[in-house]
A.B. asks: 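Below you'll find the structure I mean.
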Amino acid sequence: MENKKNTSKDHQWLYSPSLESTSHIEIKDKYELFINNEWIAPTSNKYFDTINPADEKVLSKIAWANAQDVDKAVKAARKAYDEVWSKISAGDRSKYIFRLARMMQEKARELAVIETLDAGKPIRESRDIDVPLACNHFFYYAGWADKLDYAFPNQKTESLGVVGQIIPWNFPLMMAAWKIAPALAAGNTVVLKPAETTSLTALKLAEIIKEAGIPPGVINIITGHGDTGEALVKHPDINKIAFTGSTQVGKAIQKALVGTGKRSTLELGGKSANIIFDDAPIDQAVEGIVNGIFFNQGHVCCAGSRLYVQENIAEKLVEKLKHRMKSLILGNPLDKNTDIGAINTREQLQTIEKYIQIGIQEGSVIFQCEGALPAIGFYCKPTIFTNVSQSSVLSQEEIFGPVLTIQTFRTIDEVIQKANNSPYGLAAGVWTDKGSKIFNLTSKLKAGVVWANTYNKFDPASPFGGYKESGFGREGGMHGLGAYLKIIK
Amino acid sequence: MLESNQHSIFQTINAASPIDKVGVEERVARFQTRSIKDDAKAQGLKMVLSMIDLTTLEGKDTPGKVKQMCFKAHHLHDLHPNLPQVAAVCVYPSMVTIAKQALKGTSVKIASVATAFPSGQSNLEIKLADVKLAVDSGADEIDMVISRGKFLSGEYNFVFDEIGMIKEACGVARLKVILETGELCTLDNVRKASDIAMYAGADFIKTSTGKIQPAATMQVTYTMLLAIKDYFEATGKMIGMKPAGGISTSKLALHNLVMVNEILGPNWLHNEWFRFGASSLANDVLMQLLKLESGSYQSPNYFTLD
Amino acid sequence: MSNLEVLKTYKLYIGGAFPRTESGRFYAPVSKHGEVLGNICLSSRKDLRNAVVAARKAQGPWEERSAFNRSQILYRIAELFSDRKEIFLKEFQKQGSSPEEARLEFSTTLDRIVYYAGWCDKFNQVLSSVNPVNSSHFNFSTCEPMGIVALIAPQNTALIGLVSLILPALAGGNTLVALASETLPISAISFAEVLNDSDVPAGVINILTGKQEEIAPIMASHMDINAFISSDLGAIENAIAEACIDNLKRKFTYTEDFNQRESQGLTFIADLQEIKTTWHPIENIGGSTSTY
């Protein structure tokens, strides 16, 4: 009997490798600085390696800009602002940005593959989330360029001038888009500094900028380490600094800007609460928890890293979560079936591992997915801790990795207090089937984004940004324009 | 069934958590990003083939048509001896005798729809007689429909008891309970109907008759798989799943298997626990298998219709 | 009957009460005509601390009131302020204004209160948005107050500067800890009496008197204050800005001449609002593109 041949126990079905092709991807051996739509060697003649965190191999060499190079870039941006970008019609600005968006879409797959190679994030995410969102951001803001009067009725606005932008390594291209698109639409020119471990997609974007015929100097992309960023922050001819990254660096930037009259917006850290009530759609909540903390290996400023579960469903929910975690596939980020890719850097992996050790030492109960990690590359298993207390280091500090702390609660007022009991206020999640409860929670939670019955959703039309030490200013939507305009009183 | 026992079962059924449809759609979309290639694809396609209930359920069915389908059911693999045969054929009760005759000596099972299929709009006596006809004619499996009208008017006890009595009438035949999800209209209803069916004695739960759209959408199947998972966690009892209607391509079938694999696990990856109710799926799977083997894309002209 | 005048003691306004400074210190500012304005409380670090505690306690209830109700309360301030016109005119002149200047400051102040009273239940409609996201979600952005606002009142006006910055913060649901003009403090305290007699809940506004150089740095470094607003603080401006960074206080410096009728507007409210964006799924069943 054929049926008996396959006894159900031994019927494993493992997915064969399904690697995204890299054959149509062009990565140069060496990248210079992108100033005035030209590739300029750094004054210092220094370069640094960018590696693939999945196999630790060098992908390319990247120019290291010093203060002189930064000055060149700022001068180019100033000239472009004075002579071109502030002179052309808003309609033409709009058309340039639209053009850029379209050309990015045309090269979407290449951008996605490079993002995955350089950042370690799964191709599923860079292909389906990062790159489309980046393109869409340009599309969204392109249309605003000639409609700014409608965004601020009864108020006159003006562009700021030259904007310095410093972005992190967790969503390299998407952050570049979040920064550049609204700045250009509002009439500014920019000098963008990508994170040193993930410069490649920004440099690919530079190629597209040149190909799209954006006027020289409107967008300048300078690569380097912290000193490059510092030089940008301190440059006297910058009108505004937009920064996304850690709260610590954000505060340092803000201090450097005191007394200069430069404006700033900061998108900083978070330790966001994800709250599950007993009347929640539990299976979707499990999915939301997974998206909340394991999306992009947890390298997400708004990650739902503090889970609060109502006590009467905690056991059931944690079981379901563990079961779901078992179906997460960790491995080569280029594999289309990979859910969990590589940690961006060795340093970050060590930081995460340090926190995991602290969790174990504190007596919290750890659960990790089974299976071995790849022999090379920086990998960390999705990890959850139960039996965590509010005062634990794990539930206070931002880990920026795939590590979830789970606490239980009994009543609504208790969970509101606990959720707000943090210096951060970037995002929060609420899961319940009861509408009136959702609206109560969404107004009580001190966070810039509240996801109700969903988590980690982003859209160009949706403002994003935090309360308290998670930073100030919003990116996205109509409100995102405010960061790049001044209102003439 | 004891009153108090039934009371506690209904407590369990009512305790099922609500379902957010958008979340389900996102989850389902993510299953669809699984890329099944090479060996995994070959293995998957063979599984799909072995899980098909080759179906004809038409007013114009004749012994000739049923015989042709049965012949195909156990000769699918003539071209390729390594391929499995389909799990079963699925016919009306009046055709069970014909099918039995045609499939004599094979391991292909005979499933018969019953209980005033597809609407279920008849009384209990007639439904039981319908089941008896099919069972007495030699059906191995009975695909019943639930009373959707009763369900939607809140008469859950009626639906529960009816399934229980049909199950009794099935004897050794396995009972598949068709929810006709296209008429239940919400995933919460699909979940509730799944729970009622399982607790009332279903061996399988099945999405659709194939006569109503939408039929076996992935979100409905996903919802039912989760119900099966929860039921298994609560009772330790495995229940089978049969999406039926609308699954006509290998790709969609494989995505359904991905869901089974990741929600219920490999124990369910077998035709004892998972079936596809489909008429045209088998040929597409065959074409895909031959494509894998030969490297060339195939034409339907080379695969027999019936 | 003696005509001997009864002098008024000017005290602090904290948590709906009028305490003296816990430090027991005072100072005696002199008007430009050389008249001593009184023995004014020289607030201390602890007075500020108490004021912040009172403001924090009042923040939740104030924020949770309906915008309509806040509007009524703010309008009630205007009513009582108007009622005490003579007192304020007398005080403005005592602090050095000409009768004409006093009348002008009074009427501008009154109009400003009414102006912001009217904004309470409207600014959120103007500043909010429903965002058409590219997925099946309802997404909207709305304003929420930042929380406790520290305010150093402009030095050069007795009341209009203070009121011009208190009112937009209040209209937006914030609570305040304000330091009155160091040189022109007495009408600020009289205004506190107006607030206390109106329906503004205790703790929503707290007014201190004293030295800017002493109080401003403590405000700036206080970790439970959410925003800091002032006119240009001159020599200490940068130090204050730096101290504000410790908990990322939102800091705004206003250089407007608040005597001007047009020195008011939505931005003063908007500056002290956080934008909160909320997402919720929308299921699609039964529509023409139903995906069930």
Side-chain angles (χ1 to χ4, degrees), chain A residues 132-133 136 140 151-155 247 250-255 257-259 266 268 281 284 423 425 427 429-430 435 438-439 442-455 457-474 476-479 482 487 489, chain C residues 59-60 63-64 126-147 223-224 226-227 237-251 253-256 260 262-268 270-271 273-283:
Chain A
L133 277 176
N136 296 356
Y140 175 81
F152 303 93
N154 260 328
Q155 295 174 342
T247 292
K251 286 180 179 177
I253 289 176
Q254 192 67 11
K255 286 196 172 156
L257 295 180
V258 165
L266 306 174
L268 309 176
Q284 288 73 58
V430 184
I438 288 172
F439 282 114
T442 56
S443 65
K444 300 277 190 308
L445 293 170
K446 296 296 168 201
V449 180
V450 179
W451 285 294
N453 292 324
T454 186
Y455 206 95
K457 288 282 177 305
F458 308 94
D459 194 278
S462 176
F464 182 91
Y467 287 22
K468 303 193 276 187
E469 292 201 24
S470 290
F472 45 75
R474 293 294 178 270
M478 196 167 69
H479 297 88
I487 288 168
K489 283 176 182 154
Chain C
Q59 177 59 39
E63 179 176 343
E64 287 167 26
V126 179
L127 298 173
S128 294
S129 61
V130 171
N131 311 309
V133 293
N134 186 28
S135 58
S136 196
H137 293 91
F138 186 69
N139 177 301
F140 61 99
S141 297
T142 182
C143 295
E144 282 187 0
M146 283 177 175
M223 295 299 274
D224 203 33
N226 303 95
E237 174 75 34
N238 287 354
I240 293 298
E242 203 166 323
C244 281
I245 295 169
D246 282 344
N247 69 337
L248 289 182
K249 279 180 196 68
R250 283 68 169 135
K251 184 180 178 309
T253 304
Y254 299 104
T255 52
E256 285 80 358
Q260 302 302 314
E262 63 274 15
S263 293
Q264 59 187 22
L266 184 59
T267 50
F268 293 97
D271 283 347
Q273 298 294 309
E274 294 286 356
I275 298 297
K276 170 176 280 178
T277 300
T278 302
W279 294 68
H280 196 281
I282 308 172
E283 72 175 15

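Values below: every heavy atom of this structure, side chains too, minus hydrogens, waters and symmetry copies. So you know, we letter chains A, B, ... as the sequences are listed, proteins then strands, and number each from 1.
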A.B. asks: Is the shortest side-chain heavy-atom distance between A/Lys255 and C/Asp246 below 4.5 Å?
C.D. replies: yes
A.B. asks: So which residue, A/Gln155, A/Gln254, A/Lys457, ends up with the most heavy-atom pairs under 4.5 Å with chain C?
C.D. replies: A/Lys457
A.B. asks: As an exercise, state the distance from CD1 of C/Ile275 to CZ of A/Phe464, rounded to the nearest 0.5 Å.
C.D. replies: 14.5 Å
A.B. asks: Write down the atom of C/Asn238, the atom of A/Gly259, and the distance for their closest heavy-atom approach.
C.D. replies: OD1-CA, 3.4 Å
A.B. asks: Sort A/Ala447 into side chain, backbone, both or neither according to what part of it lies under 4.5 angstrom from a heavy atom of chain C.
C.D. replies: backbone
A.B. asks: Taking all atoms of both residues into account, what is the closest heavy-atom pair of C/His280 and A/Ile438, and its distance?
C.D. replies: NE2-CD1, 3.4 Å
A.B. asks: Which region of C/Phe138, side chain (C-beta onward) or backbone (N, CA, C, O), has a non-hydrogen atom less than 4.5 Å from a non-hydrogen atom of chain A, or is it both or neither?
C.D. replies: neither
A.B. asks: Tell me the closest heavy-atom pair linking A/Ser462 and C/Val133, and the distance in Å.
C.D. replies: CB-CG1, 4.0 Å
A.B. asks: Check whether any side-chain N or O of C/Lys276 sits under 3.5 Å from a backbone N or O of A/Leu445 as a donor-acceptor pair, and report yes or no.
C.D. replies: yes
A.B. asks: Got A/Asp459 and C/Asn131 here, is their nearest side-chain heavy-atom distance under 4.5 Å?
C.D. replies: no
A.B. asks: So which heavy atom on A/His479 is nearest to which on C/Ser129, and how close?
C.D. replies: CE1-OG, 3.3 Å
A.B. asks: Taking every heavy-atom pair that is under 4.5 Å apart, which of A/Lys468, A/Lys444, A/Lys446 has the most such pairs with chain C?
C.D. replies: A/Lys468
A.B. asks: Considering only heavy atoms, which portion of C/Glu237 lies under 4.5 Å from any heavy atom of chain A: side chain, backbone, both, or neither?
C.D. replies: neither
A.B. asks: A/Leu257 versus chain C, heavy atoms under 4.5 Å apart: side chain, backbone, both or neither?
C.D. replies: neither
A.B. asks: Using non-hydrogen atoms and a 4.5 Å limit, figure out which bit of A/Asn136 sits close to chain C: side chain, backbone, both or neither.
C.D. replies: side chain
A.B. asks: Considering only heavy atoms from C-beta outward, does the side chain of C/Ile245 approach that of A/Val258 to under 4.5 Å?
C.D. replies: yes
A.B. asks: I'd like to know which of A/Gly471, A/Pro153, A/Gly465 tops the heavy-atom pair count under 4.5 Å against chain C.
C.D. replies: A/Gly471
A.B. asks: Drop me the distance from A/Tyr467's OH to C/Asn226's CG, to the nearest 0.5 angstrom.
C.D. replies: 11.0 Å
A.B. asks: Given heavy-atom pairs under 4.5 angstrom as the criterion, report whether the side chain, backbone, both or neither of C/Glu262 touches chain A.
C.D. replies: neither
A.B. asks: Which atoms of C/Met146 are under 4.5 Å from chain A, going by heavy atoms: the side chain, the backbone, both sets, or neither?
C.D. replies: neither
A.B. asks: Is there side-chain contact between C/Leu266 and A/Asn154, with at least one heavy-atom pair below 4.5 Å?
C.D. replies: no
A.B. asks: Given the options A/Ser443, A/Gly482, A/Pro423, which has more heavy-atom pairs under 4.5 Å with chain C than any of the others?
C.D. replies: A/Ser443
A.B. asks: Atom OG1 of A/Thr442 and atom CD of C/Glu144: how far apart are they, to the nearest 0.5 Å?
C.D. replies: 8.0 Å
A.B. asks: Measure distances from A/Phe458 to the heavy atoms of chain C and classify the residue's part below 4.5 Å as side chain, backbone, both or neither.
C.D. replies: backbone
A.B. asks: Is the CG atom of C/Asn134 crowded by more than 12 outside heavy atoms at less than 6.0 Å?
C.D. replies: no
A.B. asks: Look only at the side chain of C/Thr277 and the backbone of A/Pro463, and say whether a donor-acceptor pair between them is shorter than 3.5 Å.
C.D. replies: yes
